[in-house]
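Written below as structure tokens is the structure these notes are about.
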Amino acid sequence: MSKNFIKFKNKALMIRLIKSVLIGVAVGLFFAGVFLFLAKFEILKMKPILSLPIGVGTALIAGCGIYFLLRRTDKALARKLDEEYKLHEKVQTMFEFKDEQGAMYELQRQDTEKALRGVSSLWFDVKNIWIYGLCTLIGAGAFTAACVLHPIEEPPVEKPPEAFDISDTEIAAMEELIAYVDESSMQSPYKESISSSLRELLDGLKITTVKTEANALWEQAVDEIYETTDKSSAAVELMDALWSCDSESVKRLAESLNYYEWTKADEWDSFSEELTEFRASFVHMDTVEINPDAEKMATDTAALLLRVESNISLSLVRAGVTMDDGLYQSLTRLATANETSSAGSHLYGFSTLSGLCETIGYTTAQKELDATFAVLGAEIFNALGQHSINTSTGEYVMTRLKSLFSEKIDCRLPAFERPNFYVTSPVGPSDPDEGDGGGQQGGIGEGAVYGSDDLVLDPLTNTYVEYGTILDKYYALMFGKVNDGDYTDEEKAAMEKYFAILYGGFDENEGE
């Protein structure tokens, strides 16, 4: 085949590819722009991003289609060359007799080759290519317009605010709640502050007609009441501070102060049970030995008393309990009292007894501890009662507000504070029949299950001994004193109840 013919054939293939690409790009951009426009103006329910795969797909289809439509055979190309360059069918004749042999056919081929060599292929088959370029510009313009144009956003239709109207029943309930606070035993100025917040809330709710305003008024009032309630008592902070101390005796004290766990209508018994466990933590386990070392017991007790006193004083400061607080005063007396009356009676706190232990001896020190607990138990209970009244009054007011307006207002109460007590299982032997998540070891005040093989922590030696061993010692110690006539009938009854609980557990139906 003629070399010059192959040159024109390659030129035609290149122009064919260019036209296919241009048409593909033109159609792809056009369809992408159309569908982008339809999607942006929500004429079609589709995502605008889907216009891109649509454009790519139509571009491939159109480009491939044009490529095959513009396909031209060698004979058609020969005819095109003869027509465009007026070669008088020389190229066609050459193809017609390409397989013939002879001098005449060879001369004809040489003449055709000479004619093709004399024409330029630069502008061959390009006179209509501008149409394809124009189509590409139109497609690009359509896509650009679709990207630039945006639907005119209609101004949002503002919904009318939800109406709010306080009913006569709700007004009466609010007035009743205000009267409840005014007549409560909550301390001043906290009582007056909560009452003022309730009055302001009621006045605001009476005049507002919009739910959003009512929500804001309610949230502001609850925030104020919550803050006032929090300021009215530092008992929770004190319980947490005591619990964080590295002393089992001090943890027992923290539990005895936890009025949130008191049984309703039986608060004194609940407090007494916990305080008795706190008191029992000061009894030395060597008391019932045949030949106890009295000097060692006195020394150990003195160290324990001093450590507990230090933890109590430090916890009061850490918790921010004010000096005029009844709980601060009663616990300070428990920790440091050294009081003597003109009649000869006296009251010794832990630090004072710690200094006297080695002088007065272990037995006398325990009697002094009993006297201290007997005098200050009720005082601590009364001081805790005031804290309980303060917090329960504030929490009741917030809970009542929510129940009154939960159907009309978006009511969300803050989390009420509670002591953060947690139990760490002691390190020691465990039941081999239990898995990794087996029960805790026994221990006074740890919420454990009592049993003859359970272990309890001795607060003096910081070691674990069998429950029965230490309990028997405590029992013998206490009732040895009872038989000596050191206690009244009421005290005997209290100790009998205490050891009945330790040996048999709490009666779940008691008090029902």
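Throughout, numbering of the chain's residues begins at 1 and tracks the sequence. All values reported here derive from a predicted model rather than from experimental measurement.
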Step-by-step side-chain contact (heavy atoms from CB on, under 4.5 Å) determination, Ile166 to Leu202:
CA-CA 9 Å; Ile166 187 171; Leu202 178 57; 4.1 Å; yes
Starting from the C-alpha separation in whole Å, work towards a yes-or-no answer on side-chain contact (heavy atoms from CB on, under 4.5 Å) for Thr144 and Leu29.
CA-CA 9 Å; Thr144 302; Leu29 289 174; over 6 Å; no
Candidate pair Asn338 and His346, rule side chain to side chain donor-acceptor pair (under 3.5 Å), full reasoning:
CA-CA 7 Å; Asn338 186 8; His346 59 265; over 6 Å; no
Step by step, would you call Leu401 with Cys411 a side-chain contact (heavy atoms from CB on, under 4.5 Å)?
CA-CA 9 Å; Leu401 284 177; Cys411 303; over 6 Å; no
Apply side-chain contact (heavy atoms from CB on, under 4.5 Å) to the pair Leu198 and Ser195, showing each step before the final yes or no.
CA-CA 5 Å; Leu198 289 174; Ser195 179; 5.7 Å; no
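In the displayed structure, Glu339 atom CD is contacted under 6.0 Å by more than 12 heavy atoms of other residues, nucleotides or ligands. Atom NZ of Lys206 is surrounded by more than 12 heavy atoms from other residues, nucleotides or ligands within 6.0 Å. Environment of CZ in Phe405: crowded, with over 12 heavy atoms of neighbouring residues, nucleotides or ligands closer than 6.0 Å. Within 6.0 Å of CD on Glu200 lie more than 12 heavy atoms contributed by other residues, nucleotides or ligands. The number of heavy-atom neighbours closer than 6.0 Å to CD of Glu162, taken from other residues, nucleotides and ligands shown, is 12 or below.
Checking Ser351 against Glu309 by side-chain atom types alone, no donor-acceptor pair falls below 3.5 Å. With no hydrogens or angles considered, no side-chain donor-acceptor pair links Ser392 and Ser388 at under 3.5 Å.
The side-chain contact (heavy atoms from CB on, under 4.5 Å) test with Leu201 singles out one residue from Ile225, Leu217, Ile178, Leu177, and that residue is Leu217. Residue Val397 forms a side-chain contact (heavy atoms from CB on, under 4.5 Å) with just one option from Val222, Val181, Thr229, and that option is Val181.
Inter-residue side-chain proximity for Leu242 and Asn311 is flagged as unmet; no heavy-atom pair is nearer than 4.5 Å. Between Arg199 and Met174, the closest side-chain pair of non-hydrogen atoms is not below 4.5 Å. Counting heavy atoms from C-beta outward, Ile43 and Phe37 have side chains that approach closer than 4.5 Å. Counting only heavy atoms from C-beta outward, the side chains of Ser345 and Thr340 never approach each other to under 4.5 Å. Between Trp218 and Leu205 the shortest side-chain heavy-atom distance does not fall below 4.5 Å. The shortest distance between side-chain heavy atoms of Tyr328 and Thr322 does not fall below 4.5 Å. With a 4.5 Å cut-off on side-chain heavy atoms, Tyr362 and Cys357 do not count as touching. For the pair Glu274 and Glu261, the minimum side-chain heavy-atom distance is 4.5 Å or more.
Arg318 and Ala241 get closest at one heavy-atom pair: NH1-O, 4.0 Å. Considering all non-hydrogen atoms of both residues, Asn390 and Ser232 come closest at ND2-O, 3.1 Å. Taking all atoms of both residues into account, the shortest heavy-atom contact from Ser330 to Leu376 is O-CD1, 4.2 Å. A pairwise comparison of heavy atoms in Ser185 and Ile389 identifies C-CG2, 3.7 Å as the closest pair. Between Tyr260 and Pro419, the closest heavy-atom pair is CD1-CD, 3.6 Å. Closest of all the heavy-atom pairs between Ala335 and Ile312 is CB-CG2, 4.1 Å.
Using a cut-off of 4.0 Å between Lys/Arg side-chain N and Asp/Glu carboxylate O, Arg418 and Glu395 are scored as salt-bridged. Salt bridge status for Lys408 with Glu170: present, with a side-chain N to carboxylate O gap under 4.0 Å. Look at Lys296 and Asp300 and you find a salt bridge, because one of the NZ, NE, NH1 or NH2 atoms lies within 4.0 Å of a carboxylate O, short of that distance. A salt bridge links Arg252 to Glu255: at least one charged side-chain nitrogen sits closer than 4.0 Å to a carboxylate oxygen.
Here the side chain of Asn215 pairs a donor or acceptor atom with the backbone of Asp410 at under 3.5 angstrom. Between the side chain of Ser193 and the main chain of Tyr190, no donor-acceptor pair closer than 3.5 Å is present. When atom types are taken as modelled, the side chain of Glu267 and the backbone of Ala265 share a donor-acceptor pair closer than 3.5 angstrom. When atom types are taken as modelled, the side chain of Thr228 and the backbone of Ile194 share no donor-acceptor pair closer than 3.5 angstrom. Formation of a donor-acceptor pair under 3.5 Å by the Ser197 side chain with backbone atoms of Ala221 is not found in this model. Between the side chain of Asp230 and the backbone N or O of Tyr226 there is no donor-acceptor pair closer than 3.5 Å. Side chain of Gln329 to main chain of Met323: a donor-acceptor pair is present (N/O by atom type, distance under 3.5 Å, no hydrogens or angles). Between the side chain of Lys191 and the backbone N or O of Ser184 there is at least one donor-acceptor pair closer than 3.5 Å. Within the 3.5 Å criterion, the main-chain N or O of Arg400 finds a donor-acceptor partner in the side chain of Ser403. In this structure, the side chain of Lys40 does not engage the main chain of Phe35 through any donor-acceptor pair within 3.5 Å.
Atom-to-atom distance recorded for Leu327:CG and Ser233:OG is 8.0 Å, nearest 0.5 angstrom. Note that CD of Gln187 and NE2 of His387 are 7.0 Å apart. Values are rounded to the nearest 0.5 Å. For the atom pair CG (Leu347) and OG1 (Thr352), the distance works out to 8.5 Å, reported to the nearest 0.5 Å. Note that CZ of Phe282 and OG1 of Thr372 are 10.0 Å apart. Values are rounded to the nearest 0.5 Å. To the nearest 0.5 Å, atom CG of residue Leu50 and atom CG of residue Leu38 are 12.5 Å apart. Atom CD1 of Ile54 and atom CG of Leu36 lie 10.0 Å apart (nearest 0.5 Å).
Ring geometry for Phe278 against Phe350 counts as perpendicular: the plane angle is over 60°, on a 0 to 90° scale with 30° as the lower cut. Relative ring orientation between Trp262 and Tyr259 is described as perpendicular, the plane-to-plane angle rising above 60° on a 0-90° scale split at 30° and 60°. Between Phe381 and Trp268, the ring-plane angle classifies as perpendicular under the 30° and 60° cut-offs.
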